[in-house]
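Sequence lines set the chain letters: A, B, ... in the order given, protein chains first and strands last, and positions in each chain run from 1. Atoms considered below: every heavy atom in the structure, side chains included; atoms not considered: hydrogens, waters and symmetry mates.
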2 protein chains.
Amino acid sequence: MNTMQTAERQALKAYVSRFVKLTDTAFNDFCERCELHKLEKKQFLFEAGQVCRQQYFVLNGLFRSFYVDEKGNEQVLHFAIENWWTTDYESWVSERPSTLSLQALEPSQVLSISKSQLETLYDQHPMIERLFRLIAEKTYIAAQNRLKYMLSMKREDIHEEFVEVTSGFTERVPQYMVASYLGFTPEFLSMIRAKKRKKKT
Amino acid sequence: MNTMQTAERQALKAYVSRFVKLTDTAFNDFCERCELHKLEKKQFLFEAGQVCRQQYFVLNGLFRSFYVDEKGNEQVLHFAIENWWTTDYESWVSERPSTLSLQALEPSQVLSISKSQLETLYDQHPMIERLFRLIAEKTYIAAQNRLKYMLSMKREDIHEEFVEVTSGFTERVPQYMVASYLGFTPEFLSMIRAKKRKKKT
């Protein structure tokens, strides 16, 4: 098992302290149960068909979660960058095989913690359960906002909103994946981007 | 304050026990901090512009949460029926005014619990915090599934999926609201329903 070094501990501590105040004991117990993983570009954290029994904290790098739709197309559901937790909650909660795959789009480093380890921590340190309640609420809010803009915005504005919300990481993602995430064809996204460039010049 | 009677306590207990095992003390403390509300059809639990400081448990009846989009149209974001918790998490977490309104579509009864009361309960009974972590995760899973079908399904299939997932309560909702929820025009929804009726006959 790869254990965490000072830099990773500091990154996790900075994140956690935005939500809750953990005692040193609680934070140390948390770190001891996390595993560090280094991934190459295109490597998977899990693939559709596997039960997702981990939550992942991205230390650096970039991930996409996607599923294969009825027509055989890869549909991007989420991206995850530095300082985001990611998992497939549906598989995590139900313990049934995931419909999603989680793949690194850049060389990346993540921490993982398993469901059984996390449940032990919840019992020992209720403040860690609070942290994950707050993370679930925050994750839900992001999904709700995405639903809102998918239901209401003009398609041009959806792209603008996405660029704003993702504060620049769009440039790190292949544009056909951005198109998929937004529910566009790659051609439609190219057209919007070209229009925007024209407006700026 | 309207306090809970035996029937409401039993409904809440049945719901809670699907997720966690609460001690009698914890459950009684929970009930004591809940308020019972009876609403007429069309009455609001909260309206856009107010900070949403409550979570609501629907005992009976039916609600819609909606917002007014840029064109002035009421866009339905969610429905909530018996045995569902509902709130505007974004306003609840941020303590900023909500963009949503939550309105009864039938005469309804709900329990409410305030953020400050719930936070006191979390400190006293970590198992209640567990309950609300699990509720937030479940709520997120529902939103993720909705995103998946909005991104991938043919529009006819979206309606079918909705009828299936909502196990019949669609018949209790005005069809123009179902259309709004699905991101359709009312005319498009009528057309799909007419097609289906033809198929059946």
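In this structure, the side chains of A:L121 and A:I113 come closer than 4.5 Å at one or more pairs of heavy atoms. At a threshold of 4.5 Å between non-hydrogen side-chain atoms, the residues A:W85 and A:V58 do not count as touching.
Taking the six-membered ring for Trp and thresholds of 30 and 60 degrees, A:Y56 and A:F46 have nearly parallel ring planes, at less than 30 degrees apart. Ring geometry for A:F30 versus A:F27: interplanar angle over 60°, hence perpendicular rather than tilted (30 to 60°).
Side chains of A:H37 and A:S112: a donor on one and an acceptor on the other come within 3.5 Å.
Ring-centre distance between B:F79 and B:W84: not below the 6.0 Å cut-off.
Only the side chain of A:Y67 comes within contact range of chain B, with heavy atoms under 4.5 Å apart. Contact annotation for B:S94: neither backbone nor side-chain heavy atoms come within less than 4.5 Å of a heavy atom of chain A. Heavy-atom distances place the side chain of B:Q75, and not its backbone, under 4.5 Å from chain A. At a 4.5 Å heavy-atom cutoff, the contact between B:L100 and chain A is made by side-chain atoms alone.
B:S108 places a side-chain N or O within donor-acceptor distance of the main-chain N or O of B:L62, the cut-off being under 3.5 Å.
No other option in B:S152, B:S180, B:P126 has as many heavy-atom pairs under 4.5 Å with chain A as B:S152.
The pair B:D123-A:R130 meets the salt-bridge criterion, with a side-chain N (NZ, NE, NH1 or NH2) lying under 4.0 Å from an Asp/Glu carboxylate O.
Residues of residues 136-150 of chain B that come closer than 4.5 Å to chain A, counting heavy atoms only, are B:A136, B:E137, B:T139, B:Y140, B:I141, B:A143, B:Q144, B:N145, B:R146, B:L147, B:K148, B:M150, ordered by residue number.
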